[in-house]
Amino acid sequence: MRLPSKRAKISANMAFDDRQDRYPFPEIEARWQKAWADRQQFTVTEDPGRPKYYCLEMFPYPSGRIHMGHVRVYAIGDLLARYKWMRGFNVLHPMGWDAFGLPAENAAIDNGVHPAVWTYENIDNMRTQLRRMGISYDWDREVATCDPAYYKWEQLIFIRMLERGLAYRRRSRVNWCPSCQTVLANEQVEAGRCWRCDSEVTIREIDGWFFKITDYAQELLDWCDRLPGWPERVLTMQRNWIGRSEGAEFALPVVGRPDLRISIFTTRPDTSFGMTYAVLAPEHPLVDRIAAGEEERRRIDAFRAEVARETEIERLATDRPKRGLRLEARAVNPFTGGEIPLFLADYVLMGYGTGAIMAVPGEDQRDWDFAKANRLPIIATVKRPEGWREDQAYTGDGVKINSRFLDGLSLEEAKRKAIDWLVGEGLGQAKVNFRLRDWGISRQRYWGAPIPVLYCERDGMVPEREENLPVVLPRDVQISGKGGSPLAEVPSFVNATCPRCGGAARRDTDTMDTFVESSWYFLRYCSPTYDRGMFEPAAAAYWMPVDQYIGGIEHAVLHLLYARFYTKVLRDLGMLKVDEPFRALLSQGMVIKDGAKMSKSKGNVVDPDDLIRRFGADTARLFSLFAAPPEKDLDWNDRGVEGASRFLNRVWRFVHANLPELTTAARTPAGPLSEAGRAFRRVIHGTIQKVTHDIEHDFHFNTAISAVMELVNALHDFERASLDGMARPERSALLREAVEATVLLLGPVSPHITEELWAALGHRESLFKQVWPTADPGALARDEVEIVVQVDGRVRGRLTAAVDAREAEVREMALADGKVRPWLDGRRIAKVVVVPGRLVNIVTRG
RNA sequence: GCGAGAGUGGCGGAACUGGCAGACGCGCUGGACUUAGGAUCCAGAGGGGCAACCCGUGGGGGUUCAACUCCCCCCUCUCGCACCA
């Protein structure tokens, strides 16, 4: 009876789309986006009088179009930003573009379009797409890292780092395509071959710039314990990446060569008496001097060429045979005084430790495998446990054996004593080693920030003068994908004057790793147009650190570690007060579809534009947040999107169908509530409590949204049930309270429809200037609870007890329960466990 | 390979510090309203069984009155890799 008439009313009042019966989201979303922009609602300035909240999502690479991963991360960020607005914070929520990088150069090679043109067109497209999502960005703070006004400051910091020895030059290995005559990124190497010409990739040594992140290894590690807002799994990955290990460093003399000593690092100095051979990395610089003659030199070169074809992952794999080459020279184990053979082997890397190891096959599995393959002796220096089969290395604890003055000691004691001995003999010392390597930042690419140094015949390497910055990337350049750095082909760029002597000098033609730009963009947002420095000190002092950083788990190590490092460098340069850039981190999972990452080749891509056109941004955002908790992968499902859309429509319809009653109702129910009214009010306030908790506690927006859905379900039930038997003012006031709570709680998720509904409910001010609702403890209070009764762990009955019922009382009720008694017949009660307010478990025997 | 995560109905996912497994949504089934329904509303539903009940959180052990949750072993999948001397 009521439904048809209600339906008629709905159609007449609400301008539903005729065909689809959907609320008019295109118009609503456009209108509110314009209103927020016109009012500059999310434009912020520093306001010391209010608590600040800096909410940041990892900025995108301007690939051309946003994808669902972007929708997800920005929906998460915007929810938090808007929530914090409603909580009274002064929220900084900026957006920009990680605009340098390889794809722009590839586009230039493939389509002949200039990287700058390509990049800025993409930015324009993506900005339009993002605006359609209705994110609360302060667009006045937009930055693009390819802007000289941006990278100028990065060049300045480079020079400061150079002055402090934090930037230095050395040789390093790169992938080289002999056919294209160019350096390849790892990404451009496919199964050992060049992705363009399919030639076999080789390794080349070239000079490049490094940042000395290893100087900060200990501090970066220490602060992992002081970042409680970070996910533990990311901190664990960072700790492992930094890879601190304690041990000893000492020298092995080369037999007959008093001029040569091989320095080795070991975490197990206690096993030194088990050293039966030693290994150098094939790249080790001493190898050339150790080589005995022409013939051995040739063998070494051949071996090096073989190893050069292996990736580091292959070289370190423990499940494949290790390659080795025995050298003619021998070394001395200083502990035993005995001679041991020397090898080159692929499993020893130049980049870790000293690039040489003492091999202890008895207590190291890789050494064991290599020793077995090369018929080398194996000596046990730790007593094996009872029944140990001598078929693998023993890496466990135990008493030292076969180790002369270390015999009988525990492993830890022996480590200390071995080091003491080394120190006493003047052979070595205790040493802390890190797995972390310095950060190579030189790229032989065009589309990046130029490295601001020159090379002068007379003065050598000279940094550019500060007043000459930025060193601007020249526009006219040929990008072919062949040959060296494209900048080397631009005479007007290369040929410059020496900042020191004024003579002729050549500029460095490499550009910086794009990770450098992304290591400080969050600082630039604090004062994006400031032109007297990287950032305005007062602005950075106000906004930093970022309170909540949000981005993909794939950045768990590299980007996040580099940004932490860069921040510490700036602090040590006296520019910044904070020690860490990101107070809290939310690592969100990927968006997948049909069990696989979205990709064009798999044909499972969902286009956000298309989605927004069909369902609206509010629905797209709602679904992204509802379908999975943020840290997990999200399996995209088109049907699920329809469900999200259906939910918003349901809310829309309910509000409009009851508008007259809602707008005339009292704000709070007058007088005492009926029992049904109290029950409903408990649902309302329970929802407020749960949503707030889920947002604050663990970012589980999916359960927050499901709680609102439950409230809406309860709202419908209440609306129907309260028609009879409830006083009209009570009903109306409760309906209003519930609807307003729904709209407020849903605001950060789906901001356009909720603004519209909020206005329809008679409010003049923006929803996002409202105060977030708080749960009324009085409304939450209940006087009875349901208690589950188990017999031997199985649910056999349930009973209702007073909240404050005593344990003995509940126990008696359970034992007397009619449903429970038959299960106790003929059994002896061994024990009764009472969990207050939850359950009773009656344990029987026999 | 190493490092880090994840495995729960037909599907996405719930389940607080060990206490009723499957909230919420999708899909499905039945019904109502409709010229119509791919709109909307109501109801049902983990699997087995007429039922009482039994079985169920990747697999196998264990701890406990009680295990998705804690411990040990194994399997599968995902992410990162410059990487353990």
Side-chain angles (χ1 to χ4, degrees), chain A residues 3-4 6-7 10 16 19-22 172-173 186 231-234 236-237 239-245 247 264-268 279 311-320 347-349 351-360 364 366-367 433-440 552-558 587 589-590 592 595-597 623 626-629 631-644 646-647 649-650 653 693 697 700 702-703 705-710 713 716 786-790 792-795 798 830-833 835 838-844:
Chain A
L3 286 175
K6 190 163 166 180
R7 169 93 203 272
I10 291 164
F16 261 104
R19 270 192 337 276
Q20 301 183 331
D21 272 357
R22 289 212 185 111
S172 66
R173 292 152 51 90
N186 285 339
E232 200 49 50
R233 65 166 160 159
V234 173
T236 304
M237 281 191 259
R239 286 188 192 103
N240 291 340
W241 186 267
I242 295 166
R244 183 183 201 272
S245 56
I264 63 110
F265 171 75
T266 177
T267 55
R268 293 289 303 273
V279 186
T311 65
E312 290 207 353
I313 291 176
E314 287 165 349
R315 287 177 64 170
L316 291 160
T318 52
D319 64 338
R320 62 182 266 297
Y347 75 100
V348 174
L349 299 177
Y352 187 80
T354 60
I357 61 159
M358 69 174 198
V360 186
D364 182 286
R366 284 162 315 162
D367 295 347
N433 192 50
F434 293 95
R435 217 176 51 155
L436 182 69
R437 294 190 206 158
D438 279 338
W439 173 14
I553 185 68
E554 66 273 18
H555 293 111
V557 179
L558 288 178
S587 283
M590 295 186 309
I592 58 176
K597 199 167 175 171
F623 180 72
F626 176 63
E631 74 277 6
K632 287 183 69 172
D633 286 351
L634 186 159
D635 200 341
W636 195 265
N637 178 301
D638 293 334
R639 296 283 201 178
V641 178
E642 286 170 30
R646 192 147 52 217
F647 171 69
N649 275 288
R650 200 161 122 88
R653 241 182 289 116
H693 174 268
H697 179 68
H700 279 189
N702 56 329
T703 52
I705 291 167
S706 70
V708 179
M709 287 175 170
E710 286 179 85
N713 289 341
H716 279 83
E786 191 188 63
I787 306 266
V788 170
V789 184
Q790 298 181 331
D792 294 324
R794 286 164 193 273
V795 181
R798 18 192 102 232
K831 187 176 176 183
V832 179
V833 181
V835 182
R838 277 184 185 274
L839 63 64
V840 177
N841 189 13
I842 303 165
V843 187
T844 71

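These numbers come from a predicted model, not from an experiment. Residue numbering restarts at 1 for every chain, and letters A, B, ... go by the order of the sequence lines.
- Distance, Arg639(A) CZ to G38(B) P: 11 Å, rounded to whole Å.
- Within 4.0 Å (heavy atoms only), Glu631(A) reaches no atom of the nucleic acid at all.
- The two residues Ala556(A) and Met237(A) have their closest heavy-atom pair at CB-CE, 3.8 Å.
- Side-chain proximity of Ser245(A) to A23(B), G12(B), A85(B): nearest is A85(B).
- The residue Gly243(A) sits apart from the nucleic acid: no heavy atom pair falls under 4.0 Å.
- Of the C1' atoms belonging to A21(B) and A15(B), the separation is 7 Å, rounded to the nearest Å.
- Among the protein residues, Arg315(A) comes within range of no part of the nucleic acid, since none of its heavy atoms lies under 4.0 Å from any strand.
- Between the P atoms of G9(B) and A4(B), the separation comes to 27 Å (whole Å).
- For the residue pair Thr844(A) and Asp792(A), a side-chain donor N or O sits within less than 3.5 Å of a side-chain acceptor on the partner.
- Base orientation of G48(B): anti (glycosidic angle beyond 90° from 0).
- Within the nucleic acid shown, Phe623(A) has no heavy atom closer than 4.0 Å to any nucleic acid atom.
- One distance of note links CG of Leu558(A) with CH2 of Trp439(A); it measures 9.5 Å at 0.5 Å rounding.
- Contact annotation for Asp438(A): no contact, since no heavy-atom pair falls under 4.0 Å across all strands.
- Between Val789(A) and Leu839(A) there is no side-chain heavy-atom pair separated by less than 4.5 Å.
- Counting non-hydrogen atoms under 4.0 angstrom, Val641(A) reaches nothing in the nucleic acid.
- Heavy atoms of Asn702(A) sit under 4.0 angstrom from primed sugar atoms or phosphate atoms, though from no base atom.
- OP1 or OP2 of A39(B) has not a single side-chain nitrogen or oxygen of Arg650(A) nearer than 4.0 Å.
- Using a 4.0 Å heavy-atom cutoff across all strands shown, Val835(A) reaches at least one base atom of the nucleic acid.
- Separating the NZ atom of Lys831(A) from the P atom of G19(B) is a distance of 17 Å, rounded to the nearest angstrom.
- For the OP1/OP2 pair of C65(B) and a distance below 4.0 Å, the side-chain nitrogens and oxygens of Arg838(A) include no atom meeting the criterion.
- As judged by a 4.0 angstrom heavy-atom cut-off over every strand, Leu436(A) is placed among the base-contacting residues.
- When each of G25(B), A85(B), U40(B) is scored by its nearest atom to the side-chain atoms of Thr267(A), the top-ranked nucleotide is A85(B).
- At the heavy-atom level, Leu558(A) lies under 4.0 Å from base atoms of the strands shown.
- Taking the side chain of Thr703(A) as heavy atoms from C-beta on, and the options G12(B), U78(B), A15(B), the nearest nucleotide is A15(B).
- Using a 3.5 Å distance cut-off with no hydrogens or angles, the side chains of Arg794(A) and Asn841(A) do not pair a donor with an acceptor.
- Listed nucleotides: G19(B), G25(B), C79(B). Nearest to the side chain of Glu554(A): C79(B).
- No contact: Ala556(A) has no heavy atom under 4.0 Å from any strand.
- For Arg646(A), a side-chain nitrogen or oxygen approaches OP1 or OP2 of A39(B) to under 4.0 Å.
- When the C1' atom of A4(B) is taken as reference, atom CD1 of Ile242(A) falls 15 Å away, rounded to whole Å.
- Considering only the side chain of Asn240(A), G3(B) comes nearest among G13(B), A85(B), G3(B).
- Only the P atoms considered, G59(B) is 15 Å distant from U76(B), to the nearest whole Å.
- Of all heavy-atom pairs spanning His700(A) and Glu631(A), the tightest one is NE2-OE2, 3.2 Å.
- One atom, CG of Leu349(A), and another, C1' of C81(B), lie 12 Å apart when rounded to the nearest Å.
- As judged by a 4.0 angstrom heavy-atom cut-off over every strand, Ile705(A) is placed among residues making no nucleic acid contact.
- Out of A85(B), G13(B), C55(B), the shortest distance to the side chain of Ala628(A) is found at G13(B).
- Distance His700(A) NE2 to G12(B) P: 17 Å, rounded to the nearest Å.
- Where RNA chain B pairs in unbroken runs of 3 or more (Watson-Crick or G-U, both distances under 3.5 Å), the stems are B:1-7 with B:75-81, B:10-12 with B:24-26, B:28-32 with B:40-44, B:46-48 with B:53-55, B:58-62 with B:70-74.
- When the C1' atom of A23(B) is taken as reference, atom CZ of Phe626(A) falls 10 Å away, rounded to whole Å.
- Ranking A14(B), A66(B), G3(B) by closeness to the Asn841(A) side chain, first place goes to A66(B).
- One can place OH of Tyr352(A) at 19 Å from P of C81(B), the figure rounded to the nearest angstrom.
- Heavy-atom minimum distance, Met358(A) versus Asp367(A): O-OD2, 4.0 Å.
- Out of A85(B), C24(B), C65(B), the shortest distance to the side chain of Met709(A) is found at C24(B).
- Counting heavy atoms from C-beta outward, Phe434(A) and Arg244(A) have side chains that approach closer than 4.5 Å.
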Practice item. Just do the side-chain contact (heavy atoms from CB on, under 4.5 Å) check on Ile553(A) and Lys632(A) with the steps written out, would you? Key: CA-CA 10 Å; Ile553(A) 185 68; Lys632(A) 287 183 69 172; over 6 Å; no
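- Of the P atoms belonging to U64(B) and C77(B), the separation is 35 Å, rounded to the nearest Å.
- Considering only the side chain of Arg794(A), C55(B) comes nearest among C55(B), G19(B), C79(B).
- Using a 4.0 Å heavy-atom cutoff across all strands shown, Asp633(A) reaches sugar-phosphate atoms only and no base atom.
- In terms of modelled atom types and a separation under 3.5 Å, the side chain of Asp633(A) and the main chain of Met590(A) share a donor-acceptor contact.
- To the nearest angstrom, P of G5(B) lies 17 Å from CE of Met590(A).
- Note on Arg798(A): every side-chain N or O is 4.0 Å or more away from OP1 and OP2 of G19(B).
- Across Phe265(A) and Gly353(A), no two heavy atoms sit closer than the pair CB-CA, 4.5 Å.
- Regarding contacts with the backbone of G25(B), a side-chain N or O of Asn713(A) is found under 4.0 angstrom from either OP1 or OP2.
- Nearer to the 5' terminus of RNA chain B, by closest-nucleotide assignment, is the contact made by Thr236(A) (compared with the other of Thr236(A) and His697(A)).
- Counting only heavy atoms from C-beta on, Phe265(A) has its side chain closest to A85(B) among G3(B), G13(B), A85(B).
- No contact: Asp638(A) has no heavy atom under 4.0 Å from any strand.
- As rounded to the nearest Å, C41(B) and G25(B) have P atoms that lie 11 Å from one another.
- Scanning all heavy atoms of the two residues, the minimum distance from Phe626(A) to Asn702(A) falls at O-CB, 3.3 Å.
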